[in-house]
Amino acid sequence: FSENLEEYKKSEEICEEIIGIEGIDDEEPKEQCQKQKHKMKIPKNMKITNIIKHRKNVNSEDDLIPEALLVDLDTIEGIVESPGDPEVGCQKQKFRIKISEKIKILHFKKWQKNSQSPGTSSVELDFKGNLEQNRLAEAQQQLMKAEELLFGSKEVSRTEDEEDKLHMDYEIFVLHLRLAIHDSFSDDNQETLKSALTSILKEEAQDRRWMEVAMDQRPVWRPISCRQIHDTLLQTTVEERMKNAEDEQENKADILSTSLKREVFRMGKQVQKDLLRVVRNLKECYPPDFDICRTYAQLYHQTFSTRLQELARCKISSEDCLYILSWIVEYYPKDVLKHKELEEHINSSSLGALLPEEDLKRLEEQYSANNIRNWLSNAFEKEVKKWSDGIEPELMDGYYFSSLAFDVLPLIDGAVKDVNALLSCESKARSLLNQLDSFLLSYKTSLEELVKKKQENIPKTLTANLLNIYQFRDYVQKPEHPFLEDTRTACLSTLADLKNICHTYFLSRIHTELKPLYRKLWTQVWFSGHCEVVEELVKALENKTDSFKELKSVCREVRTTLAANVISESLIT
């Protein structure tokens, strides 16, 4: 404004020099001509265009000055130099005055137009206008100049109203600044954000300047701490976006089986999506001093970590526990942070662990020990409840069948493989297998209690469980399963006891039924050559051992064991 006003005054002075003293038309015509003759000393070939050429504007000035005014001044100068009719000279002098007034008006209109145009200069809008057009850097400059005028000199007096008004303007400016930062991820906010960041740097410099001034002499609003406002708003924005995370491909999250899995998946994908936008778009808006890629990476990392800590400290299922471990060990470091566009801008090693060590150990323990123990306990409790309720075992293809081994062994084997893959720790995998030893001891105790009861379904139940026992034994004996030798030996010993419990139960019943036949052996009738006794005993033994054919692969071992024990018992009898 000041520059345009100065130009306008210069033009006015030039016009006055050409025309003469203002108010000349109020004097007598003769006096007017004498004064004008004294004032006018203009070169013969000078034109009006020479007067204004220092201000010629390629955009608008040629349009503002009509061709009718670009006239040669020879005629005007001739009025002064040549003696003529005074009245004619005065008429021409009045004509020259009218031309000068038109020039003044045109200059004023041009100045007025420039002062109202929003796009010609950063100082052409007032403070309110700059804010309305999101020109925050320009608005900040205006505030800073006003601040310097009020507080820059002790000699300048200021009123309380002036201070209050400037304070209010700063509050309004900071509000617009907050809005620009909060909308950082909006595509149509990029230019506003650049302007806001420029003003932040200038405000930080102004804060430092005022820190060198006594507190009672500086503005009450100093320091404004715009950088701190910016950093706090970034954190708030990140937390909001993570809380309301919506993955672009919802179907991928929706197919996950639990709400925890869906939440973790969406947060992890939101981290990657937003960091990519920072690298692709926001990075260009920020000055290098902000180190914005690292800043955003730390904020998203911390927000994701905080939420995972909350989830890890809750009572969650083993399935959810494994999913969180998978994100910590596999998906987040290898898929999210190692994205080809992010890797060169983000130093993932400087971010630290996604979970603190104590929380990670708790999660590992919850998955590897407690959950395995719970799986085994739940599966075994269901099996024992069937025994207590006298429920007959399931028949499958004509054979009695128990699913205990089929339920337990895949869980243990899968957990061992997951721990090895995720944690790369064989010792933790071995600790899982230690749970099997405790499980088999509980199995033995419950089976001993079962055979003491008088239930009709006990033979069928034991027959079904013999298959479980042999499946457990085969698993423990395989060298590829990383048992400690002490654990392997203990498990095999317990399984041998379980087998003997079942065999002893069947043998005791068989011996009771065959005792009348045992008594006929080694008698005089038997020694006299009567073979009916032996044939009857053999037939009875075949009938008893045939009842174990439903054990399929183990029937030969069971039948052989039973037959040997029957013969031994008969000899003793």
Side-chain angles (χ1 to χ4, degrees), residues 1-7 111-153 156 158-213 217-237 281-290 292 295:
F1 174 88
S2 59
E3 293 175 358
N4 288 327
L5 184 59
E6 189 65 23
E7 289 180 359
W111 161 78
Q112 188 178 39
K113 181 179 179 181
N114 289 340
S115 66
Q116 294 176 354
S117 175
T120 57
S121 174
S122 60
V123 295
E124 291 172 354
L125 291 175
D126 61 7
F127 173 71
K128 182 178 179 182
N130 280 319
L131 287 184
E132 288 176 351
Q133 295 194 20
N134 293 320
R135 295 157 57 92
L136 301 185
E138 289 78 1
Q140 185 272 338
Q141 284 292 96
Q142 291 171 328
L143 290 178
M144 197 162 63
K145 287 181 180 179
E147 187 178 66
E148 290 296 332
L149 287 175
L150 284 182
F151 296 90
S153 175
V156 177
R158 56 183 180 272
T159 65
E160 185 175 346
D161 289 342
E162 289 176 327
E163 288 189 43
D164 290 343
K165 182 182 182 304
L166 186 56
H167 192 181
M168 180 63 69
D169 287 344
Y170 263 108
E171 293 290 337
I172 296 172
F173 165 74
V174 171
L175 177 60
H176 281 262
L177 192 69
R178 288 177 176 273
L179 292 174
I181 298 169
H182 185 270
D183 293 340
S184 294
F185 285 92
S186 176
D187 293 334
D188 56 358
N189 187 58
Q190 302 304 297
E191 291 302 320
T192 303
L193 180 61
K194 290 180 182 179
S195 184
L197 296 171
T198 301
S199 66
I200 288 175
L201 293 178
K202 292 180 179 178
E203 281 298 312
E204 287 293 294
Q206 188 73 348
D207 278 346
R208 291 191 293 270
R209 174 206 179 284
W210 282 113
M211 289 299 292
E212 300 174 357
V213 179
Q217 296 179 11
R218 70 178 74 155
V220 295
W221 52 85
R222 291 291 177 184
I224 296 179
S225 302
C226 288
R227 180 63 184 269
Q228 183 178 349
I229 293 173
H230 168 271
D231 295 345
T232 303
L233 274 174
L234 284 195
Q235 182 175 354
T236 303
T237 301
N281 301 326
L282 296 186
K283 181 176 176 291
E284 300 300 324
C285 299
Y286 275 84
D289 294 347
F290 283 82
I292 195 61
T295 301

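Bear in mind the structure is a predicted one, so any value in this text is a computation, not a measurement.
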task: Give a yes or no on this: more than 12 heavy atoms of other residues, nucleotides or ligands lie within 6.0 Å of atom CD of Gln217.
output: yes
query: For atom CD of Gln228, is the number of surrounding heavy atoms from other residues, nucleotides or ligands below 6.0 Å larger than 12?
result: no
Report yes if the side chains of [X] and [Y] come closer than 4.5 Å at any heavy-atom pair, otherwise no.
X: Leu233; Y: Leu177; result: no
X: Gln140; Y: Leu136; result: no
X: His230; Y: Glu204; result: no
X: Glu191; Y: Asn134; result: no

Would you compute the distance between atom [atom1] of [X] and atom [atom2] of [Y] and round it to the nearest 0.5 angstrom?
X: Glu203; Y: Arg227; atom1: CD; atom2: CZ; answer: 14.0 Å
X: Tyr170; Y: Met144; atom1: OH; atom2: CE; answer: 7.0 Å
X: Glu171; Y: Ile224; atom1: CD; atom2: CD1; answer: 8.0 Å
X: Asp289; Y: Ile200; atom1: CG; atom2: CD1; answer: 12.0 Å
X: Thr236; Y: Asp231; atom1: OG1; atom2: CG; answer: 11.0 Å
X: Asn281; Y: Ser186; atom1: CG; atom2: OG; answer: 11.0 Å

query: Among side-chain atoms of Gln206 and Glu147, is any donor-acceptor pair under 3.5 angstrom?
result: yes
message: For Glu138 and Leu125: C-alpha separation, side-chain torsions, deciding distance, then whether side chain to side chain contact (heavy atoms under 4.5 Å, CB included) applies.
response: CA-CA 9 Å; Glu138 289 78 1; Leu125 291 175; over 6 Å; no
Could you tell me whether a side-chain N or O of [X] sits under 3.5 Å from a main-chain N or O of [Y], the two making a donor and an acceptor?
X: Thr295; Y: Phe290; result: yes
X: Thr232; Y: Ile229; result: no
X: Ser195; Y: Thr192; result: no
X: Asn130; Y: Arg135; result: no

- prompt: Can you list the steps and then say if Leu193 with Phe185 is a side chain to side chain contact (heavy atoms under 4.5 Å, CB included)?
  reply: CA-CA 10 Å; Leu193 180 61; Phe185 285 92; over 6 Å; no
task: Kindly give the heavy-atom pair with the smallest separation between Ser184 and Leu282, and that separation in Å.
output: O-CD2, 3.2 Å
- request: Let me see the working for Arg218 and Met211 under side chain to side chain contact (heavy atoms under 4.5 Å, CB included), right down to the final yes or no.
  value: CA-CA 8 Å; Arg218 70 178 74 155; Met211 289 299 292; 3.8 Å; yes
- request: Apply the test side chain to side chain contact (heavy atoms under 4.5 Å, CB included) to residues Gln142 and Phe173: give CA-CA distance (whole Å), side-chain angles for both, the deciding distance (0.1 Å), then the verdict.
  value: CA-CA 11 Å; Gln142 291 171 328; Phe173 165 74; over 6 Å; no
Residues Lys165 and Asp169 bridged, charged N to O under 4.0 Å: yes
